[in-house]
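Written below as structure tokens is the structure these notes are about.
Reckoned from all heavy atoms, side chains included, excluding hydrogens, waters and symmetry mates. Every chain is numbered from 1 and lettered A, B, ... according to where its sequence line falls, protein lines coming before strand lines.
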Amino acid sequence: MLAHYGPQHWWPAETPFEVIVGAVLTQATAWRNVERAINRLKQAGLLDPERLADIEPAVLAGIIRPAGYPQVKASRLRALVGAIRRDFGSVEACLRFEPARLRAWLLSVPGIGPETADSILLYAAGRPYFPVDAYTRRLFLRYGVLSAPRPYEGIRRLVEEALGPDPAVLGEFHALIVAHGKAVCRKRPRCGACPVRAGCKFWAEGVGFEPTMGLSTP
DNA sequence: ATCCGGAAGA
DNA sequence: TCTTCCGGAT
């Protein structure tokens with residue numbers, strides 16, 4: 001995948017705080033829409049923990065609208081920055097916290113689930129945690145890494161044990177899976193364009209036929 | 001017109 | 001386990 005897609009230079013953010021905001025905004029959302037929302041926050045000068053903590057939730061919702069679920073994400077963002085300030089005083093102090101305990105702390109914040117927590121740990125704190133998303137599950141199931149669905153933690157540890165604890169490696173792999181999942185290994189796979197089909201169980205079984213398994217061709 | 005996707009709550 | 005929250009992609 002690396003050979004085909006090239007380095008992804010993730011996470012595309014200028015500051016750790018921007019990573020944190022992006023991690024929340026990207027929940028159930030394509031990254032390109034998150035970019036719009038982040039840019040709007042920048043324009044408004046709100047990409048700052050202090051300002052974000054003060055802003056009216058309804059106003060915040062209006063600004064981040066392009067990322068979807070504006071009401072939900074506005075309150076999640078505020079809950080997170082509020083909790084960071086309350087428990088650590090600053091984003092920097094938060095991210096320096098011992099990784100395993102930081103993970104547990106993140107999961108205790110309302111609106112932060114395992115994938116969001118691991119994205120923050122990996123891309124903002126530089127800790128060796130692998131975020132397991134929908135693309136990862138789908139790819140692993142099809143490719144044959146997994147023969148049946150497994151719980152989040154199991155998949156995360158599988159990857160962390162296979163790739164080792166280098167955050168750069170874990171981060172690159174996750175980014176490549178996203179690129180691959182969006183472009184090729186979609187819900188309806190484009191196996192004809194797949195750079196890794198040679199090793200893929202789904203393709204080998206002949207299920208991965210190109211055009212369609214029914215009607216309608218794009 | 002349908003599909004897509006994290007987290008929470010029922 | 002199913003539904004809700006949403007805008008944007010297809």
Side-chain angles (χ1 to χ4, degrees), chain A residues 8 10-13 18-41 43-44 57-84 102-124 129-142 146 148-157 159 170-171 174-194 210-218:
Chain A
Q8 302 295 303
W10 263 35
W11 186 295
E18 191 176 325
V19 174
I20 291 173
V21 171
V24 172
L25 292 182
T26 201
Q27 291 172 353
T29 306
W31 181 254
R32 78 189 335 277
N33 304 324
V34 177
E35 283 180 324
R36 290 202 244 286
I38 299 243
N39 285 333
R40 288 159 64 99
L41 281 171
Q43 312 270 288
V59 177
L60 180 55
I63 295 170
I64 64 176
R65 176 168 12 219
Y69 308 102
Q71 313 295 331
V72 174
K73 288 175 181 177
S75 56
R76 286 180 184 177
L77 242 20
R78 290 204 24 143
L80 181 55
V81 290
I84 289 172
L102 177 54
R103 187 171 197 270
W105 181 88
L106 285 166
L107 292 173
S108 77
V109 177
I112 307 298
E115 185 186 337
T116 307
D118 290 331
S119 293
I120 292 172
L121 285 161
L122 179 61
Y123 292 109
Y129 289 84
F130 185 82
V132 179
D133 60 7
Y135 299 125
T136 303
R137 294 168 179 278
R138 189 163 65 211
L139 174 65
F140 282 13
L141 247 19
R142 284 192 182 143
L146 262 35
R150 280 180 65 176
Y152 185 97
E153 288 306 296
I155 301 175
R156 174 175 73 77
R157 291 194 182 180
V159 175
L170 294 170
H174 178 253
L176 286 167
I177 289 177
V178 172
H180 184 62
K182 297 180 75 139
V184 176
C185 205
R186 306 173 167 206
K187 191 97 178 226
R188 200 191 110 212
R190 281 131 164 82
C191 297
C194 180
E210 242 329 89
T212 38
M213 21 262 264
L215 345 82
S216 90
T217 106

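- Between Asp133(A) and Val178(A) the shortest side-chain heavy-atom distance falls below 4.5 Å.
- As a whole-Å value, the separation of Arg138(A) CZ from dG6(B) C1' is 15 Å.
- Rounded to an integer number of Å, the gap from Leu25(A) CG to dG5(B) P is 18 Å.
- Checking dA7(B), dG8(C), dG5(B) against the side-chain heavy atoms of Arg36(A) singles out dG8(C) as nearest.
- Protein atom CZ of Arg65(A) is 10 Å distant from nucleotide atom C1' of dG7(C), rounded to whole Å.
- Residue Thr29(A) places no side-chain N or O under 4.0 Å from the OP1 or OP2 atom of dG6(B).
- Heavy-atom distances under 4.0 Å link DNA chain C to Pro66(A), Gly68(A), Tyr69(A), Pro70(A), Gln71(A), Val72(A) of residues 66-76 of chain A, given in residue order.
- You'll find the side chain of Arg103(A) reaches within 4.5 Å of the side chain of Asp118(A), heavy atoms only.
- In this structure, Ala179(A) and Gln8(A) approach most closely via the heavy-atom pair CB-OE1, 3.7 Å.
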(Q) Go through it in stages, so that I can follow the logic: the residues are Leu80(A) and Ile112(A), the test is side-chain contact (heavy atoms from CB on, under 4.5 Å), and I'd like the CA-CA distance, side-chain angles, deciding distance and then a yes or no. (A) CA-CA 8 Å; Leu80(A) 181 55; Ile112(A) 307 298; 4.0 Å; yes

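- For Arg156(A), the CZ atom sits in a packed shell: over 12 heavy atoms of surrounding residues, nucleotides or ligands are nearer than 6.0 Å.
- Here the C1' atom of nucleotide dT10(C) and the CZ atom of Arg32(A) are 13 Å apart, to the nearest Å.
- Rounding to whole angstrom units, CZ of residue Arg40(A) and C1' of dG7(C) are separated by 12 Å.
- The interatomic distance linking Arg188(A) (CZ) with dT2(B) (C1') rounds to 14 Å, in whole Å.
- Whole-Å rounding puts the Leu77(A) CG to dC5(C) P distance at 20 Å.
- Summary of the strand contacts: Ala28(A) and Arg186(A) both lie near DNA chain C, and taking for each the nucleotide with the nearest heavy atom, the more 5' one is attributed to Ala28(A).
- When heavy atoms are screened at a 4.0 angstrom cut-off, Arg137(A) is found touching no nucleic acid atom at all.
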Q | Criterion salt bridge (Lys or Arg N to Asp or Glu O under 4.0 Å) on Glu35(A) and Arg32(A), from CA distance to verdict | A | CA-CA 5 Å; Glu35(A) 283 180 324; Arg32(A) 78 189 335 277; over 6 Å; no

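- One can place OH of Tyr135(A) at 8 Å from C1' of dG5(B), the figure rounded to the nearest angstrom.
- Here the side chain of Lys73(A) pairs a donor or acceptor atom with the backbone of Ala67(A) at under 3.5 angstrom.
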